[in-house]
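Read through the structure below, which is laid out as structure tokens, and then see the notes.
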2 protein chains.
Amino acid sequence: MVAMPHPTAAKPAATRKDVARLAGVSSAVVSYVVNGGPKKVSPATEAKVRDAIAALGYRPNAAARALKLGSSEMLGMVVPDATNSFFATLAHAVEEAAAERGYALLIANSGGSLSAERRQVENLVSRRVDGVFLCSVLFEPDLRDLEAAEIPAVLLNHSAESPGFDSVGVALQDGARLAVEHLAQHGHRKIGLIMGTNTGGDLDAREVGWRQGIEEAGLQAGPVMRGPFSREGGYRAGKWLLNEADRPTAVFASSDLQAVGLLKACHEAGVRVPEDLAVVSFDGSAEAEYSWPPLTTVAQPVEDMARAAVEALVGGGGHKRNRIFPGTLIRRASCGC
Amino acid sequence: MVAMPHPTAAKPAATRKDVARLAGVSSAVVSYVVNGGPKKVSPATEAKVRDAIAALGYRPNAAARALKLGSSEMLGMVVPDATNSFFATLAHAVEEAAAERGYALLIANSGGSLSAERRQVENLVSRRVDGVFLCSVLFEPDLRDLEAAEIPAVLLNHSAESPGFDSVGVALQDGARLAVEHLAQHGHRKIGLIMGTNTGGDLDAREVGWRQGIEEAGLQAGPVMRGPFSREGGYRAGKWLLNEADRPTAVFASSDLQAVGLLKACHEAGVRVPEDLAVVSFDGSAEAEYSWPPLTTVAQPVEDMARAAVEALVGGGGHKRNRIFPGTLIRRASCGC
DNA sequence: TTGAAAGCGCTAACAT
DNA sequence: ATGTTAGCGCTTTCAA
């Protein structure tokens, strides 16, 4: 507690009962006016109740409500790293969409570790969230805890058709293909790849898309460098790539963050972008607009995805389905445009 | 995995009573083993209870617990913008520190608007969080809602001695002075300022520190440009500054984000950093390390601040106090080092 | 239109 | 060492 010079000693927060007493009605009536139902209340009584509520500064107790209703009116979201601006933006958008429907959002970080992810999910389960958005490190996450607790889940940032899962994501493969296509149109013949590594070790669809784009352009695959989805990861990958004997003239990076790291490696090495090396990346985060040069990137429709995810979770809609949104190429300077 | 068409229809989640029945004990005993107290339980019974818990997949109901205990074991945090990497990092650090003590963190965005801030605080109050971290848009926020609800608060990112408030922040003024001092040591005689605007309209201590640094170096104040604490804000400020008749040779920016915007303006204008314009900024966020050139910046000790804030809120410590941490100058290339 | 009352699942004081 | 039980504040059925 809290060093308080409160002259009015700790009055223990008004309950619905206090309001009822003050308004001279039963506690049920208070409930009716607070919740606008399920019964009607005469305008006169309603006014009295509202006055009493205001006078007492009454606020419904969310815990009691949650207990009674079996719903916490909270949603959970687990992301690998809320510090990554893409996930930060996504979480923010989800938060807003959830708030519109009266839900609060509990955000948990897994740090990209499977065990932490499980722990966070368990934590959310025990807090009785009404649903969870899972940006899993795994391609096919283990949802048993959630199923056992009957908590609906939607895989966010999941971009494959996975019957049995509810998911929303972006078309990774198409997006990557788009990026490579664009680079090919700029005349590049040797296009490398800086690819983020997934914990699960599955093949990322962006890699498939990159390869597809290259094949469709009748080119040969450039060098591939793998590393974490981070600035640091991109930087290391960049250093390696620039020292390669057959250095590509263009690179597709699987995230903006990695591209930012790559850019740093280029600047340090005196490699000019886009003249010596063209770059296109993925995500469309704000940071990409302010790097130098500004990054051409395949933007994810974050707002739409967030809305769709919330809709899937609490929209009451029926069946599980996979919603996949298209990415859009944003042309800036790094590709040579 | 686990697409399974639930043959077992919705069994309604085991309660402590079910566990008790299965274990052949009373529900109190279950409570004792789950919470490790307040009474002792014989090893034999404990084992039975644990088995039953496992068999039933029992999880305590947090809402019921919160209702009984009057504590939700959640903390709230309201930030202007969780998408801003400084706040994202801070929130993340707070989340971790809170988790160590068994608290979950509910993060809410105010978008820098006072009304939204109030709304978010109200929301947290009604969710009965056990405490809130407030990165207010105001210098002296209105804590009445929180006080009325007897919810302790700590002002985070608040850097003045404010008796009556519990706060933790960084020494803005000293940090800014440090930055300017450093620029002066590099020989700069005309040092401008890109200053973020606070909603409250109060004078930011960074501005005071900038002025102080200039005076201590025996210089004249350079031009000042104000705008939002954002990349965009820094960019606009930068464009203006670079077109000034008496363009400074160095600039202190009140946040890394603004400096990133400034850098973009410089690149576009062909102004070389640090040769034509040296830059030092504030925050020490990850983005500053990967800009080009990398930003010399006054880093906030985010982890320490987060820990201190959590400590202040739930450490049980007694009195209100203002904890102010020193910033540290990180020398990178943008200042000319 | 309003009221009385039965719980939701849990904790802990009190009884055994 | 273990059991019984009163309530935490709320919603909602049922009765008036």
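Below, chain A is the first sequence line, B the second, and so on; all start at residue 1. A quick note: this is a predicted structure, and the numbers were derived from the prediction, not measured.
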TODO: Answer yes or no: side-chain N or O of B:Y58 and base N or O of C:dG9 forming a donor-acceptor pair under 3.5 Å.
DONE: no
TODO: Quickly work out the A:R21 CZ to C:dG3 P distance and round it to whole Å.
DONE: 14 Å
Open item on the list: How many whole angstroms separate atom CZ of B:R128 from atom P of D:dC10?
Closed with: 7 Å
Open item on the list: Can you tell me which nucleotide in C:dA4, D:dG3, C:dT11 comes closest to the side chain of B:V25?
Closed with: D:dG3
Open item on the list: Between A:D81 and A:T83 (side chain of the first, backbone of the second, donor and acceptor by atom type, cut-off under 3.5 Å), is there such a pair?
Closed with: yes
Open item on the list: For A:L156 versus A:L90, what's the shortest heavy-atom pair and its separation?
Closed with: CG-CD2, 4.0 Å
TODO: Kindly point out which of C:dA4, C:dG9, D:dG3 is positioned nearest to the side chain of B:K68?
DONE: C:dG9
Task: Sub-4.5 Å side-chain heavy-atom contact between B:V121 and B:D142 - done: no
Task: Any residue of residues 60-67 of chain A with a heavy atom less than 4.0 Å from an atom of DNA chain D - done: A:P60, A:N61, A:A64, A:R65
Task: First encountered from the 5' end of DNA chain D, between B:T45 and A:Y32 - done: B:T45
Open item on the list: I'd like to check the side-chain hydrogen bond (donor to acceptor under 3.5 Å, both in side chains) partners of B:T199; sequence neighbours left out, ordered by chain and number.
Closed with: none
TODO: Kindly say if A:S26 contacts the phosphate of C:dG3, meaning a side-chain N or O under 4.0 Å from OP1 or OP2.
DONE: yes
Open item on the list: So, applying side-chain hydrogen bond (donor to acceptor under 3.5 Å, both in side chains) with A:E73, which one of A:R65, A:R101, A:R128 is it?
Closed with: A:R65
Task: Inter-axis angle, terminal five-pair segments of the helix from C:dT1-D:dA16 to C:dT16-D:dA1 [nearest 10°] - done: 40°
Task: SB check B:D51 B:K48 (cutoff 4.0 Å) - done: no
Open item on the list: Measuring to OP1 and OP2 of D:dA1, would you say a side-chain N or O of B:S42 lies under 4.0 angstrom away?
Closed with: no
Task: Base D:dG9 paired with A:K17 side chain (donor-acceptor, <3.5 Å) - done: no
Task: From D:dC10, D:dT11, D:dT4, nucleotide with atom closest to A:S31 side chain - done: D:dT11
TODO: Indicate yes or no: at least one non-hydrogen side-chain atom of B:Y103 is less than 4.5 angstrom from one of B:V310.
DONE: no
Task: B:L106 and its side-chain contact (heavy atoms from CB on, under 4.5 Å) partner, picked from B:V78, B:V132, B:V129 - done: B:V129
Task: Whole-Å distance separating the NZ atom of A:K48 from the C1' atom of C:dG3 - done: 13 Å
TODO: Round to a whole Å and report the spacing from CG of B:D18 to C1' of C:dG9.
DONE: 11 Å
- [ ] For B:R16 and D:dC8, give me the distance from atom CZ to atom C1', rounded to whole Å.
- [x] 14 Å
Open item on the list: Donor-acceptor pair, distance only, cut-off 3.5 Å: does the side chain of A:D166 make one with the backbone of A:R321?
Closed with: yes
